[in-house]
K.L.:
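Submitted below is the structure of interest, expressed as structure tokens.
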Amino acid sequence: MRPNIYIKDLPNHIGEEVTLKGWLFNQRSSGKVKFLILRDGTGYIQCIVFKGNVSEEVFENAGKLTQESSFEITGKVKKEDRALGGVELDATDVKIVSIAEEYPITKKEHGTEFLIDNRHLWLRSKKQVAIMRIRHRVVKAIRDFFDDRGFTLFDPPIITPNACEGTSTLFEFDYFDLGKAYLTQSGQLYAEAGAMALGKVYTFGPTFRAEKSKTRRHLTEFWMVEPEMAYFNLDDDMDLAEEFLEYIVQTVLSERKEDLEILERDVTKLETVKRPFPRISYDEAVEILKKNGVDFEWGNDLGATDETIISSQYDRPVMVHRYPSEVKAFYMKRDPENPKVALAVDVLAPEGYGEIIGGSQREDDIELLISRIKEHNLPQSFFEWYLDLRRFGSVPHSGFGLGLERTVSWICGIDHLREAIPFPRMIYRNTP
RNA sequence: UCCACGAUAGCUCAAUGGUAGAGCAUGCGGCUGUUAACCGCAGGGUUGCAGGUUCAAGUCCUGCUCGUGGAGCCA
């Protein structure tokens, strides 16, 4: 069987006769010549059907093609400066595979509600294809980064018996005779068990939040990668996060430049994402807010607008560390030099994209951990296995979580998380 | 949960309280180099739902439904 030839490879086939298989992206007709724009998932090419060069039947078939009809087209590949991409196909044969019904997504603009209703078709659009390719490249960069640094992939369960951090609202359901169970909001506690077994691990999978959040920064189902490292303190954790983000961004910049162009992304905003990133304490962040006229009280968590003000001071992600322990999860270790703050770090993306990483050094003292569980009114019985990690060879350890869709949105420069995942799940939408 | 905004042709939108229109899409016709091609013709509407005010409501008022993005919370 001859392998299929794809549009992206056509520069290597100039002068050859090839058969391409795909869908009609658009067509223009001028009496005796038809211009068919074919897309095949790897690119777009203009195919020329001249009445004099093909049979009457083939010319008629070409005219029957509606937007998104599938067809095969044979012809000679030629260089052509008049065509987008510089390559054209001089058609000799057109075979209809399937005539498409009236396609809902036309060449004119559409509203987001309509597009998201037709998400399964919207994904065929140029920009959506570019975003999906970048998402794939980010995922590969994440895996490469950890795989090359001695990490082991460690898959946590998605069904959990309790709220992991005790704060978020989770999706709840009946689990046979064992009562309520929940969809995971984080694999972190399980990753800690993995780190004690394997040293350095990362989890990568979907997580679920049932919070009734209705903003462009929220999905009810999203993907998160969470590295967890034994014998890492907060500084080690920040070093890793910094190197990690630089690697992801620079990889996408060098490997998916054409997709960033399709998205009209200002890449100068990404080229600056190089180590070192600024590192400021929560106290310093509060000072920045006050200088910018924000009435901010020490002890509160940073809100979305606060984050935007802070991140706008810098041309690359900024790491904010040592938050008030009151606003952070129970498992975060307190700073021995100031017990009011936790050894936590949030990484804020530039341009108002908000928190893309949240991490911390974990509490390794079992007595302190038990008292935190009590303070947060969490059922200790559910955490006995987690406490065992402290009973049997407790070590300092750290980790963080990176939200995939927020990272993809930031890199792509898109304004809503729903475009960063194929089929977004939001509070008032679970279709298509 | 709270706040704000919105709903008119398949889609995107317009219409001072006074005959509901345009572009795109669709159908037919024209054009041998088009780039969201263009030109001509045609079909296409219970203006989200229910009330109210008025001689007259897409437009004003009330309620409801659905949606949008912002707050809170988070990645």
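Chain identifiers are assigned alphabetically (A, B, ...) following the order of the sequence lines, protein sequences preceding nucleic acid strands; residue numbering begins at 1 within each chain. As the structure is a computational prediction, the values presented were derived from the model and not from experiment.
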K.L.:
A:Tyr428 or A:Ile37: which one's nearest nucleotide on RNA chain B is closer to the 5' end?
P.N.:
A:Ile37
K.L.:
Taking the side chain from A:Ser125 and the backbone from A:Gln128, do they hold a donor-acceptor pair closer than 3.5 Å?
P.N.:
no
K.L.:
Mapping A:Ser30 and A:Gly111 onto RNA chain B by nearest heavy atom, which one lands closer to the 5' end?
P.N.:
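By nearest-heavy-atom nucleotide position, the 5'-most residue is A:Gly111.
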K.L.:
Rounding to the closest angstrom, what is the interatomic distance between B:A14 and B:U8 at atom P?
P.N.:
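About 10 Å, rounded to a whole number of Å.
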K.L.:
Taking only the side-chain heavy atoms of A:Arg418 (C-beta and beyond), determine which of B:C74, B:U34, B:U68 contains the nearest atom.
P.N.:
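Of all the options, the side chain of A:Arg418 is nearest to B:U68.
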K.L.:
Do A:His218 and B:C74 have a side chain to base donor-acceptor pair shorter than 3.5 Å?
P.N.:
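In this structure, the two groups form a donor-acceptor pair.
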K.L.:
Between the base of B:C74 and the side chain of A:Arg406, is there a donor and acceptor pair under 3.5 angstrom?
P.N.:
yes
K.L.:
Base, sugar-phosphate, or nothing: which does A:Phe114 touch, judged by heavy atoms less than 4.0 Å apart?
P.N.:
sugar-phosphate
K.L.:
Say we look at B:U62 and B:A4: how far apart would their P atoms be, to the nearest angstrom?
P.N.:
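B:U62 and B:A4 have their P atoms separated by 13 Å.
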K.L.:
Should B:U16 form a Watson-Crick or G-U wobble pair with both distances under 3.5 Å, which nucleotide is its partner?
P.N.:
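The base-pairing partner of B:U16, which may sit in any strand shown, does not exist here.
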K.L.:
Tell which nucleotide pairs with B:C2, taking only Watson-Crick or G-U wobble pairs whose two distances are both under 3.5 angstrom.
P.N.:
B:G70
K.L.:
Are any of the side-chain nitrogens in A:Glu326 or A:Lys340 under 4.0 Å away from the carboxylate oxygens of its partner?
P.N.:
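Between A:Lys340 and A:Glu326 there is no salt bridge, as every charged N stays at least 4.0 Å from the carboxylate O atoms.
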K.L.:
Give a yes or no on whether a salt bridge exists between A:Asp335 and A:Arg322, defined as a side-chain N under 4.0 angstrom from a carboxylate O.
P.N.:
yes
K.L.:
Taking B:A15 as the reference, what is the distance to B:G21 when you measure between their C1' atoms (whole Å, please)?
P.N.:
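Looking at atom C1' only, B:G21 and B:A15 are 7 Å apart.
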K.L.:
Round to a whole Å and report the spacing from NZ of A:Lys34 to P of B:U35.
P.N.:
16 Å
K.L.:
Which nucleotide sits closest to the side chain of A:Phe222: B:A75, B:U32, B:U26?
P.N.:
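Of B:A75, B:U32, B:U26, B:A75 is nearest to the side chain of A:Phe222.
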K.L.:
Measure from NZ on A:Lys79 to C1' on B:G33 and round the result to the nearest Å.
P.N.:
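One finds 19 Å between C1' of B:G33 and NZ of A:Lys79, rounded.
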K.L.:
Is any N or O donor-acceptor pair between the side chain of A:Thr106 and the base of B:C11 shorter than 3.5 Å?
P.N.:
no
K.L.:
Quote, to the nearest angstrom, the C1' distance that separates B:G23 from B:A9.
P.N.:
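Per the computed distance, 12 Å lies between those C1' atoms.
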K.L.:
Would you mind reading off the distance between A:Glu68 atom CD and B:U26 atom P, rounded to a whole angstrom?
P.N.:
12 Å
K.L.:
Both distances below 3.5 Å, Watson-Crick or wobble geometry, any strand: find the nucleotide opposite B:C38.
P.N.:
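Across any shown strand, B:C38 pairs with B:G30.
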K.L.:
Going by an N to O cut-off under 4.0 Å, is there a salt bridge joining A:Glu351 and A:Arg265?
P.N.:
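Yes, this pair counts.
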K.L.:
Taking the six-membered ring for Trp, are the ring centroids of A:Phe146 and A:Phe244 within less than 6.0 Å of each other?
P.N.:
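Ring-ring flag for A:Phe146/A:Phe244: true, centres closer than 6.0 Å.
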K.L.:
A:Tyr103 on top of B:A25's base, within under 5.5 Å and under 30°?
P.N.:
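A:Tyr103 ring does not meet the centre or angle cut-off for B:A25; no stack.
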K.L.:
Closest approach to the side chain of A:Glu80, judged atom by atom: which nucleotide of B:A75, B:G33, B:G67 is it?
P.N.:
B:G33
K.L.:
Are the charged groups of A:Lys140 and A:Glu255 less than 4.0 angstrom apart, N to O?
P.N.:
no
K.L.:
Tell me whether A:Arg362 contacts the main-chain N or O of A:Glu192 through its side chain, where contact means a donor paired with an acceptor under 3.5 Å.
P.N.:
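Judged by distance alone, no pair lies under 3.5 Å.
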K.L.:
Choosing from B:G69, B:G72, B:G67, which nucleotide comes nearest the side chain of A:Ser213?
P.N.:
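Selected nucleotide: B:G72.
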K.L.:
Rounded to whole Å, how long is the line connecting atom CD1 of A:Ile427 with atom P of B:G70?
P.N.:
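Whole-Å distance recorded here is 14 Å.
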K.L.:
For the side chain of A:Lys51 and the base of B:U32, is some donor closer than 3.5 Å to an acceptor across the two?
P.N.:
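A donor-acceptor contact between them is absent.
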K.L.:
Once you apply a heavy-atom cut-off of 4.0 Å, does A:Glu405 come out as touching a base, just sugar-phosphate, or nothing?
P.N.:
nothing
K.L.:
Categorize A:Ser29 for me: base, sugar-phosphate, or nothing, with a 4.0 angstrom heavy-atom threshold over every strand shown.
P.N.:
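Contact class for A:Ser29: base.
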K.L.:
From the options B:C11, B:A71, B:G33, select the nucleotide whose nearest atom is closest to the side chain of A:His110.
P.N.:
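Of all the options, the side chain of A:His110 is nearest to B:C11.
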K.L.:
Does A:His120, at its NE2 atom, have more than 12 non-hydrogen atoms belonging to other residues, nucleotides or ligands within less than 6.0 Å?
P.N.:
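Yes, NE2 of A:His120 has more than 12 neighbouring heavy atoms, counting only those of other groups under 6.0 Å.
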K.L.:
Look at the aromatic rings of A:Phe145 and A:Tyr247 and report parallel, tilted or perpendicular, splitting at 30° and 60°.
P.N.:
tilted
K.L.:
Between P on B:G72 and CZ on A:Arg217, what's the gap in Å once rounded to a whole number?
P.N.:
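After rounding, the reported distance stands at 8 Å.
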K.L.:
For the side chain of A:Thr215, counting heavy atoms from C-beta on, which of B:U68, B:U34, B:G72 is nearest?
P.N.:
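Nearest nucleotide to the side chain: B:G72.
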K.L.:
When we call it a touch if two heavy atoms are under 4.0 Å apart, what does A:Ile105 touch: a base, just sugar-phosphate, or nothing?
P.N.:
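Nothing: the residue A:Ile105, judged by heavy atoms under 4.0 Å, touches no strand.
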K.L.:
In whole Å, measure the gap between the P atoms of B:C5 and B:C73 for me.
P.N.:
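Their P atoms lie roughly 24 Å apart.
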K.L.:
Rounded to whole angstroms, how far apart are CD on A:Glu102 and P on B:G10?
P.N.:
10 Å
K.L.:
Need the pair for B:U65. Rule: Watson-Crick or G-U wobble, both distances under 3.5 Å, any strand; none if unpaired.
P.N.:
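Pairing partner: B:A7.
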K.L.:
P atom, B:C24 versus B:G40: distance in rounded Å?
P.N.:
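Result for the P pair: 10 Å, nearest Å.
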K.L.:
For nucleotides B:C64 and B:A25, find the distance between their P atoms and express it as a whole number of Å.
P.N.:
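One P to the other, the span is 41 Å.
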K.L.:
Need one value for A:Lys78: base, sugar-phosphate or nothing, where a base atom within 4.0 Å counts as base even if backbone is also close, heavy atoms only.
P.N.:
base
K.L.:
As a test of reading the structure: which of B:A71, B:G33, B:A75 is closest to the side chain of A:Leu417, going by heavy atoms?
P.N.:
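Looking only at heavy atoms from C-beta outward on A:Leu417, the closest nucleotide is B:A75.
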K.L.:
To the nearest Å, give me how far apart CD (A:Gln67) and C1' (B:U26) are.
P.N.:
12 Å
K.L.:
Heavy atoms under 4.0 Å, any strand shown: does A:Asp301 hit a base, just sugar-phosphate, or nothing?
P.N.:
sugar-phosphate
K.L.:
Measure from the side-chain heavy atoms of A:Asn26 and tell me the nearest of B:U35, B:A36, B:C31.
P.N.:
B:A36
K.L.:
In whole angstrom, what separates A:Arg28's CZ from B:C31's P?
P.N.:
19 Å
K.L.:
Taking atom C1' in both B:C3 and B:G58, compute the distance separating them and give it to the nearest angstrom.
P.N.:
27 Å
K.L.:
Look at the side chain of A:Lys212 and decide which nucleotide, out of B:A71, B:U26, B:U1, has an atom nearest to it.
P.N.:
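Given the options B:A71, B:U26, B:U1, the side chain of A:Lys212 is closest to B:U1.
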